[in-house]
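Lettering of chains follows the sequences in order, A, B, ..., and the numbering in each one begins at 1. Keep in mind that this is a model prediction, so the values were computed, not measured. Reckoned from all heavy atoms, side chains included, excluding hydrogens, waters and symmetry mates.
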Protein chains: 2
Amino acid sequence: MAKVTIKDVAKQAHVAVSTVSYVLNNSKSVKPETRERILKVIEETGYFPNHVARSLKTKKTQTMGVIVPDIGNIFFVEIIEGIEAYLSQRGYSVILCNTNENQEKERNYLSVLLNKDIDGLIFLATSKNPEIPQNTTIPVVIVDRKFSGNYSSVLVDNVLGGQIATEHLIERNHENVALLTGPLTISPYFDRMMGYRQALEKHGFEYLPFLVEQCGTATYDGGYQGLHRLLDRLSEPPKSIFAANDMMALGAMRALFERGVSIPKQTAIVGYDDIPTASIMTPALTTIRQPKFEMGQKAAEMLFNELQNSADSQSYLFQPSLIVRETG
Amino acid sequence: MAKVTIKDVAKQAHVAVSTVSYVLNNSKSVKPETRERILKVIEETGYFPNHVARSLKTKKTQTMGVIVPDIGNIFFVEIIEGIEAYLSQRGYSVILCNTNENQEKERNYLSVLLNKDIDGLIFLATSKNPEIPQNTTIPVVIVDRKFSGNYSSVLVDNVLGGQIATEHLIERNHENVALLTGPLTISPYFDRMMGYRQALEKHGFEYLPFLVEQCGTATYDGGYQGLHRLLDRLSEPPKSIFAANDMMALGAMRALFERGVSIPKQTAIVGYDDIPTASIMTPALTTIRQPKFEMGQKAAEMLFNELQNSADSQSYLFQPSLIVRETG
DNA sequence: TTGAAAGCGATACCAG
DNA sequence: CTGGTATCGCTTTCAA
C-alpha cells in the first residue's frame with residue numbers, strides 16, 4: 001500500500017497533475033466530466049493530499065503553536081479549550097508546548113516554534129516575563145500578560161476584578177479585609193492588588209500593609225502557609241480575606257479550618273479565577289470569574305484574523321465578574 | 001529579512017548545498033576548515049533549517065499526535081504531561097487533539113491526523129469504543145483502553161484497583177459496601193466493578209445489585225445524583241461506598257453532606273484516580289492512585305521505540321495503589 | 001572531501 | 001478548460 005500521490009491520480013485519470021490540483025483546491029474551473037473522473041479516481045485509490053508537500057509550497061502549515069506555563073493548571077486548560085474549539089473548526093491543528101513554569105523550556109520552545117512550521121503563536125507566558133525573539137515573522141498573540149512589543153494581546157481587567165472582590169467584602173463585612181496575593185512581579189497579581197487598594201480607598205479605609213500577605217507561589221500550599229503566617233501575626237483572624245486566586249483561597253480555607261475559624265461566619269473569603277474545584281468545595285467558594293474559554297477563543301480569533309486579513313495587532317480586554325457562593 | 005535558505009548559506013560559504021547539509025546533519029565527514037566556514041556563515045545569517053522541506057524529504061516530521069477525550073479532565077492532563085515530558089526531550093513536538101468526548105470529532109481527528117504529518121499517535125479514546133481506521137501506516141499506542149487490533153497499549157490493572165479499594169473498605173467496616181460506578185460499557189469501569197465483586201466474594205459477601213448505582217456520566221453531577229438515588233431507595237446509608245472515580249466520589253460526598261450523613265463516621269468512601277482535588281477536600285478523599293504521569297511517559301517511550309527500532313507493538317500494565325486519607 | 005543533480009509531493013504560472 | 005513545468009528547501013546518491 002504505497003502512498004498514492006497526486007501523480008498517480010493524474011495518471012489514472014488521464015490528466016495532468018495540475019488539473020488534479022485544481023479540483024483538489026477548487027482553484028480553477030474544471031469541466032464537470034473531468035472533475036468527476038478525477039474525483040472517482042481519488043475515491044478509488046484513497047488518495048489523500050500530503051500536507052507537508054503542500055506546506056512547502058504554500059508556506060502555510062495550518063497549525064498554530066500554543067505555549068502554556070502549566071497544563072496541569074485548569075485555568076490555562078480552559079483557555080486552551082477555547083483556542084482549540086475555535087481553531088479546529090477552521091482546519092487548524094495546534095501544537096501544544098508545556099513550559100512547566102520553566103524559563104529555559106520556554107525560551108527553547110519559543111525559538112523552536114518560531115522557526116518551525118507554525119503559522120501563528122499564542123503565548124501564555126510563564127511567571128517571570130520573558131522576551132520574545134525579535135526575529136519573529138509570524139503573528140503572535142499574548143494572553144493574560146502585559147508585554148512590551150508590538151504583539152496582540154487579550155487581557156482581563158485585573159484591577160477591576162480586585163476591586164469588585166474587595167468591595168463585595170467591604171459591603172458585607174464593613175472592615176479589615178486582608179489580601180492574600182501571589183508574587184507581585186506577575187502583572188495580574190499586581191493589578192489585583194491595585195484594585196484592592198482602590199476599593200479600600202473608595203470606601204475610606206486605610207491600606208494596612210500588615211493585612212497583606214504575599215505568598216511565594218500562588219498555589220494551594222502557598223496560600224495555606226501564607227495564611228498561617230498571617231494568622232500568626234494577627235491577634236485575631238481578619239473579618240475577611242481576598243485571595244488573589246482560587247488555589248490560594250483553597251489553601252487558606254484549609255488553614256482556617258485547621259485553626260478552627262469558621263467560614264464565612266468568622267472570616268469570609270473570596271477567591272479569583274472560578275476554577276471548577278471552587279464550586280465543589282463545602283462551603284463553596286465565592287470568587288471572581290474570568291471568561292477563560294472566551295479568552296482562548298478570542299486569542300485564536302485574533303490570530304486567525306491577522307493571518308487572513310493581515311489585520312493589525314490589537315488588544316482585547318475582558319471584564320471579570322463576581323460569583324457569589326457560600327464563603328463570602 | 002527574507003528567509004535564508006541552505007542555498008544562501010552554500011553560496012556565501014562557497015560550497016555546494018550538499019556540503020552544508022552534511023555539516024547540518026553530521027552525516028558525512030567534512031574538512032574542519034570548510035565546516036568552520038559554513039558554521040560561521042550559518043551563525044552570521046541566522047540560518048535555520050526549514051523543517052517542512054526536511055520532512056518532505058525524510059518522511060519524518062518529528063511530531064506526534066495525541067488524541068484525548070477531554071483536556072479539562074485532570075486525569076488525562078497528567079498523562080499528557082508525561083507524554084510531553086518524554087517526547088519534548090527527544091526533539092518531538094506534540095499535536096494535541098481534544099475530542100471533547102465527541103465521537104465525530106474523534107473520528108475526524110483520527111483520519112486527519114493519520115493522513116497528516118505525524119510520525120506516531122497516542123490515542124486516549126472517548127467513552128464509547130471507536131475503531132481506528134485500518135489503513136494506518138504509523139505506529140499507534142492506546143492508553144487506558146482495551147482495544148482489538150494490533151496496537152500497543154498501556155493499561156492499569158483496574159480489576160486489581162477495584163479489589164484493593166473494596167477490600168480496604170471491607171476490612172475497615174466489615175459490611176455492605178456500595179458501588180457507585182460509571183457506565184459499564186467503558187472498560188475501566190467494568191473492570192473496577194469486577195474487582196469489587198471479587199473482593200466481596202473473597203470475603204464471603206454476597207454481591208447485592210441494589211447496592212450498586214450506575215451513573216449516567218462519571219462526573220461530579222453524575223455521582224451526586226447517583227448517590228441521592230441510592231440513598232432514596234435504601235432505608236439507611238450504606239456503611240461505605242466505593243466510587244469508581246474521584247469526581248463521582250466528590251459528588252457523592254456533597255450528597256452525603258446535604259443529607260447530613262457524616263463522613264467517614266456513618267459512611268466511609270473511597271474514590272479512584274487520585275486527582276488533585278481529592279487531597280484538598282475536607283475531609284480528604286481516600287482513593288486509588290493511578291500512575292498517570294508514568295503512563296504517559298511509558299506510552300511515549302513505546303511509541304518512540306517503535307519508531308526507532310521498529311519494535312513490535314506490545315502492552316504494558318501498571319499497578320494502582322491505595323492512598324489512605326480521611327474519608328475511609 | 002566535495003559537488004551536481006534527482007526527487008520528495010504538492011502549487012501555480014504560463015501557454016495553448 | 002487543460003497541460004507542461006518551474007519551484008518550494010532540503011536530503012542523498014553517485015561521481016569526481
Side-chain angles (χ1 to χ4, degrees), chain A residues 1-42 45-63 91 114-119 137-138, chain B residues 1-39 41-42 45-63 91 112 114-119 137-138:
Chain A
M1 191 193 57
K3 212 59 183 158
V4 16
T5 76
I6 198 176
K7 234 170 166 172
D8 303 321
V9 174
K11 199 168 298 173
Q12 284 193 47
H14 303 293
V15 294
V17 295
S18 40
T19 311
V20 178
S21 177
Y22 299 147
V23 350
L24 245 28
N25 301 293
N26 257 303
S27 48
K28 237 177 175 180
S29 58
V30 170
K31 199 206 293 177
E33 300 159 38
T34 17
R35 146 175 263 102
E36 284 316 314
R37 186 147 38 90
I38 291 172
L39 254 19
K40 188 153 157 280
V41 173
I42 289 178
T45 55
Y47 165 75
F48 208 94
N50 179 317
H51 270 113
V52 177
R54 178 176 291 180
S55 295
L56 180 56
K57 200 52 197 166
T58 62
K59 304 290 169 208
K60 300 262 155 273
T61 57
Q62 295 295 111
T63 110
L114 258 17
N115 284 293
K116 211 176 166 178
D117 27 46
I118 58 171
D119 294 346
T137 83
I138 59 172
Chain B
M1 190 192 58
K3 209 64 183 154
V4 16
T5 76
I6 197 175
K7 233 171 167 172
D8 303 321
V9 174
K11 199 168 299 173
Q12 284 194 45
H14 303 291
V15 294
V17 295
S18 40
T19 310
V20 178
S21 177
Y22 299 147
V23 348
L24 244 27
N25 302 293
N26 256 304
S27 49
K28 237 177 177 178
S29 57
V30 171
K31 198 202 297 178
E33 301 159 37
T34 18
R35 145 174 266 103
E36 285 315 316
R37 186 147 36 91
I38 292 173
L39 254 19
V41 174
I42 289 178
T45 55
Y47 167 74
F48 208 93
N50 178 320
H51 270 112
V52 177
R54 179 176 289 180
S55 295
L56 179 57
K57 206 47 201 169
T58 62
K59 304 291 170 206
K60 300 263 157 270
T61 57
Q62 295 294 108
T63 111
V112 168
L114 258 16
N115 283 294
K116 210 175 166 179
D117 26 44
I118 59 171
D119 294 346
T137 84
I138 60 172

Discussion item. Under 4.0 Å, heavy atoms only, any strand: does B:Ser55 hit a base, just the sugar-phosphate, or nothing?
Written reply: nothing
Response to the item:
Here the gap from A:His51 atom NE2 to B:Thr61 atom OG1, rounded to the nearest 0.5 Å, amounts to 12.5 Å
Practice prompt. Can you measure from CG (A:Leu39) to OG1 (A:Thr34) and round to the nearest 0.5 angstrom?
Written response: 10.5 Å
Worksheet item: Base, sugar-phosphate alone, or nothing: which one does A:Ser27 contact when heavy atoms must sit under 4.0 Å apart?
Response: nothing
Worksheet item: Atom CG of A:Asn26 to atom C1' of C:dA12: distance rounded to whole Å?
Response: 15 Å
Item to complete: Answer whether the closest heavy-atom distance between the side chains of A:Asn50 and A:Lys3 falls below 4.5 Å.
Response: no
Discussion item. Testing the basics here: between B:Val20 and B:Ala10, what is the closest heavy-atom pair and its distance to 0.1 Å?
Written reply: CG2-CA, 3.7 Å
Restricting both atoms to N or O, compile the protein contacts to nucleotides 14-16 of chain C shorter than 3.5 Å, with distance only.
residue: C:dC14; atom: N4; partner: A:Lys28; partner atom: NZ; Å: 2.8

Worksheet item: Hey, does the side chain of B:Thr19 come within less than 4.0 Å of C:dT2's phosphate (OP1/OP2), counting only N and O?
Response: no
Worksheet entry | Separation of B:Ile38 CD1 from B:Ser21 OG (nearest 0.5 Å) | 10.0 Å
Practice prompt. Could you encode protein contacts along nucleotides 5-10 of chain C as a string, one character per nucleotide from 5' to 3', using B for base contact, S for sugar-phosphate-only contact and - for no contact, with a heavy-atom cut-off of under 4.0 Å?
Written response: --BBBB
Worksheet entry | Which atom of B:Pro49 lies closest to which atom of B:Arg54, heavy atoms considered | CB-NH2, 3.4 Å
Fill in: Nearest-0.5 Å distance, CD1 of residue B:Ile118 to CD1 of residue B:Ile138
3.5 Å
Worksheet item: Roughly how far apart are A:Ile6 CD1 and A:Ile42 CD1, rounded to 0.5 Å?
Response: 8.0 Å
Worksheet, complete the sentence: When every non-hydrogen atom of A:Gln12 is compared with those of A:Val41, the smallest separation belongs to CB-CG1, 3.8 Å
Practice prompt. Take the protein atom CD of B:Gln62 and the nucleotide atom P of D:dT11, then report the distance between them rounded to whole Å.
Written response: 12 Å
Worksheet item: Once you round it to whole Å, what is the distance between C1' of D:dG3 and CZ of A:Arg35?
Response: 17 Å
Discussion item. Is there a side chain to side chain contact (heavy atoms under 4.5 Å, CB included) between A:Asn26 and A:Arg35? Walk through the geometry before answering.
Written reply: CA-CA 10 Å; A:Asn26 257 303; A:Arg35 146 175 263 102; 3.1 Å; yes
Worksheet entry | Residue pair A:Val4 / A:Tyr47: nearest heavy atoms and the distance that separates them | O-CD1, 3.2 Å
Worksheet item: Can a side chain N or O of B:Thr34 be found less than 4.0 Å away from OP1 or OP2 on C:dT2?
Response: yes
Item to complete: Note down the inter-axis angle between the two ends of the helix from C:dT1-D:dA16 to C:dG16-D:dC1, five pairs each, to the nearest 10°.
Response: 40°
